[in-house]
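What follows is one structure encoded as structure tokens, with my remarks underneath.
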Amino acid sequence: MKHLLKYLFVCFVCAVNMSVMAQPVADVKGQVKCQGKGLSNVVVTNGFDCVLTDAEGRYALPYHRDARFVYVTTPAGYLPQREKSLPHYYKRIESSVGSYDFTLTKNPKNDNKHICLVQSDVQAAKASDIEGYVKYLKDVRQFVDKQKSSDIFVLDCGDIVGNAPAIFPSYIQSSDVLDLPFYRAVGNHDMEYGVRSYEHSYKTFEEYFGPIYYSFNRGKAHYIVLNNCFYINRHYRYIGYIDERTLQWIEKDLSFVPKDHLVFVTMHIPTSSTKELQFNALLPDETSNASSIYDLLAGYDAHIFTGHTHYNWNVVFNDKLMEHNTAAVCGTFWKAEICTDGTPSGYGVYEVNGNQVTWKYKSAGYPLDYQFRGYPVGSSEENPQDIIANVWNWDELWKVEWYENGKCMGEMQRFEGYDPEAKIICSDKERMVYDWIMPIKTEHLFKATPQNKNAAIEVVVTDRFGNIYKQNIK
């Protein structure tokens, strides 16, 4: 009898388990609303699948064991709920939650015309760095205050902190002063090190900022934010790489974006510093499988925003694809307010009108028209007889000319070299503290040799949009 009862109990447990296993796992579902009414045709995703809401704003996503969030691709004309600088477009998936509902608000401003501010590499590691960031934000605040009628938001290309996750709250609190939504990407210094895999490296970032890849819309522009910092362990080893999970999601996400819309992709590590991809196996400063993202963007007018290098550089791949590598907010690691290529600490200003975009680089502490710096004869050790101009936001459609005593002498010659001021600053090792800080060579330098070194010299720079900037070289 005892053995029979034991046998029957085991059979009962097995039957219950089989019954539970046979039950279909519940979908992740909910509703997207605005002012109490459901919104149709809104894209909702779990990071693997993308679906549209129905006529009542309802959606259902198939269960996925690896999905950690459900989130909305905010449609044009709407905004997600926001807690100061943190947009709440996502919800963490919990077993106890039955419905994931989102409430959007009507954008009070015309988002067909909007301004996107692009910053990178705040790289705060201690309290004094946050103080430097607060000073930088005062310049951003002044710029924003002059654009009160515009719809503005910030894209942060990562390296928010310098291997110091404990600084995340201070960075957030400082950013809140702008009262603008910040959309943030993971940088290599935002990851956790010493963990066992790539999938564990971004967990702390997720706790503060949500999904590591996502998208949203403004007018006729679609914005995608990605993580391309692929942690490969061995303490501080990573490469620029976009994993297959992310690529599959991008493909689904873009399937809802019309071809006549602009597409902007934000990530930390550049895809490439040249038009031609370098075929090295492991690239910590470029994206090893960059061609994969280019293929997905084919057919769109697309721009890629990146950081990581701490210098400013534009790459025009073709007439429909361009990359903007943005200089560091921290300048020379908070030891100087210029970067190692001579670009001042600052941020990109991108003005979007419909499916057209124009841009400038805004140097913190300078007017918006400060687009280059000229150096007089004798400033460069390499070229002591030349005048030099550092045009940090240059690309192939810019023109750099010079005048001697009022006479146009033609275009200046572009060359690769060191910015004179950056070289002086980096040579001051007491100021730099770290002996690994060095100036870097840049290709956005221009030179010319005056006939008379004491002549009145003027440099005139014309950007790709026809804006003209002038500077007298004394």
Side-chain angles (χ1 to χ4, degrees), residues 114-121 153-158 183 185 215 217-226 228 240 242 250 254 257-278 283 285-287 289-328 341 343 346-362 371-372 391-400 414 442-444 461-467:
H114 61 268
I115 297 175
C116 172
L117 306 181
V118 179
Q119 68 178 36
S120 189
D121 297 275
F153 59 91
V154 179
L155 287 172
D156 193 315
C157 296
Y183 296 91
S215 64
N217 296 286
R218 283 292 205 285
K220 295 186 73 173
H222 184 69
Y223 291 84
I224 300 174
V225 181
L226 305 177
N228 68 336
I242 304 172
I250 296 171
L254 285 174
V257 182
K259 290 293 185 179
D260 66 341
H261 281 43
L262 283 170
V263 176
F264 296 97
V265 178
T266 299
M267 50 191 167
H268 183 62
I269 298 174
T271 63
S272 177
S273 59
T274 61
K275 290 183 179 182
E276 299 76 27
L277 294 180
Q278 306 298 313
L283 297 172
D285 297 323
E286 293 188 0
T287 303
N289 60 337
S291 59
S292 300
I293 191 73
Y294 301 159
D295 291 343
L296 290 172
L297 294 173
Y300 293 99
D301 284 332
H303 295 259
I304 300 172
F305 299 138
T306 53
H308 186 60
T309 63
H310 292 231
Y311 59 70
N312 218 64
W313 186 242
N314 294 304
V315 182
V316 182
F317 297 108
N318 53 58
D319 60 358
K320 295 182 75 69
L321 179 63
M322 185 172 181
E323 179 161 352
H324 309 265
N325 189 220
T326 305
D341 69 333
T343 303
Y347 48 99
V349 178
Y350 294 81
E351 297 190 46
V352 178
N353 186 355
N355 60 3
Q356 302 296 313
V357 59
T358 60
W359 58 87
K360 289 183 180 179
Y361 181 83
K362 175 65 172 71
Q371 293 294 309
F372 73 97
V391 188
W392 38 78
N393 213 23
W394 175 89
D395 65 56
E396 290 93 332
L397 296 184
W398 288 49
K399 183 167 63 174
V400 183
R414 188 164 68 95
T442 178
E443 295 182 20
H444 50 61
V461 174
T462 306
D463 71 14
R464 62 163 42 225
F465 306 111
N467 300 305

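Computed from a predicted model, the values in this text were never measured in an experiment.
Considering only heavy atoms from C-beta on, L226 comes within 4.5 Å of I293 through its side chain. For the pair V352 and I115, the minimum side-chain heavy-atom distance is 4.5 Å or more. By the 4.5 Å heavy-atom criterion applied to side chains, V400 and F372 are not counted as neighbours. Here the side chains of Q371 and V461 are not in contact, with every heavy-atom distance at 4.5 Å or above.
In this structure, D319 has no salt bridge (Lys or Arg N to Asp or Glu O under 4.0 Å) partners at least two apart in sequence or on a different chain. Residues that satisfy the ring-ring contact (aromatic ring centres under 6.0 Å, His included) test with H261, not counting sequence neighbours, are absent from this structure. Listed by chain and residue number, H444 satisfy the side chain to side chain donor-acceptor pair (under 3.5 Å) test with T442 (two or more places apart in sequence, or in another chain). In terms of the side chain to side chain contact (heavy atoms under 4.5 Å, CB included) criterion, residue partners of A327 (sequence neighbours excluded) are, by chain and number, N312, C339, T343, Y361. Taking the side chain to side chain contact (heavy atoms under 4.5 Å, CB included) definition, one finds that D463 meets it with W398, F465, N467, Y469, sequence neighbours left out. Applying the side chain to side chain donor-acceptor pair (under 3.5 Å) test to D156 and every residue at least two apart in sequence or in another chain returns Q119, Y171. The salt bridge (Lys or Arg N to Asp or Glu O under 4.0 Å) check on K275 picks up E396, with sequence neighbours excluded. For E443, the salt bridge (Lys or Arg N to Asp or Glu O under 4.0 Å) partners two or more places apart in sequence, or in a different chain, are R414. Checked against salt bridge (Lys or Arg N to Asp or Glu O under 4.0 Å), D295 has no partners two or more places apart in sequence or in another chain.
Distance check, rounded to the nearest 0.5 Å: CG of N217 to CG of L262 gives 11.5 Å. Of the inter-residue distances, the one linking L296 atom CG with S291 atom OG reads 10.0 Å to the nearest 0.5 angstrom. To the nearest 0.5 angstrom, W394 atom CH2 is 10.5 Å from R464 atom CZ.
If you check the side chains of Y294 and T271, you find a donor sitting under 3.5 Å from an acceptor.
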Can you list, pair by pair, the side-chain donor-acceptor contacts under 3.5 Å of residues 353-360, counting residues two or more places apart and other chains?
residue	atom	partner	partner atom	Å
N355	ND2	D260	O	3.0
K360	NZ	D369	OD1	3.3

Taking distance alone, no hydrogens or angles, what donor-acceptor pairs closer than 3.5 Å link side-chain atoms of residues 297-310 to residues at least two apart or in another chain?
residue	atom	partner	partner atom	Å
Y300	OH	L254	O	3.0
Y300	OH	V257	O	2.7
D301	OD1	K320	NZ	3.0
H303	ND1	H324	NE2	2.9
T306	OG1	E323	OE2	2.9
T306	OG1	N325	ND2	3.2
H308	ND1	N188	OD1	3.0
H308	ND1	H268	NE2	3.0
H308	NE2	P284	O	3.0
H308	NE2	D285	OD1	2.8
T309	OG1	Y311	N	3.2
T309	OG1	Y311	O	3.4
T309	OG1	N325	OD1	2.4
H310	NE2	D121	OD1	3.3
H310	NE2	Q123	OE1	3.0

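Scanning all heavy atoms of the two residues, the minimum distance from N289 to I242 falls at ND2-O, 2.9 Å. The two residues W313 and S273 make their nearest non-hydrogen contact at NE1-O, 3.1 Å.
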Step-by-step side-chain contact (heavy atoms from CB on, under 4.5 Å) determination, Y223 to V225: CA-CA 7 Å; Y223 291 84; V225 181; 5.6 Å; no
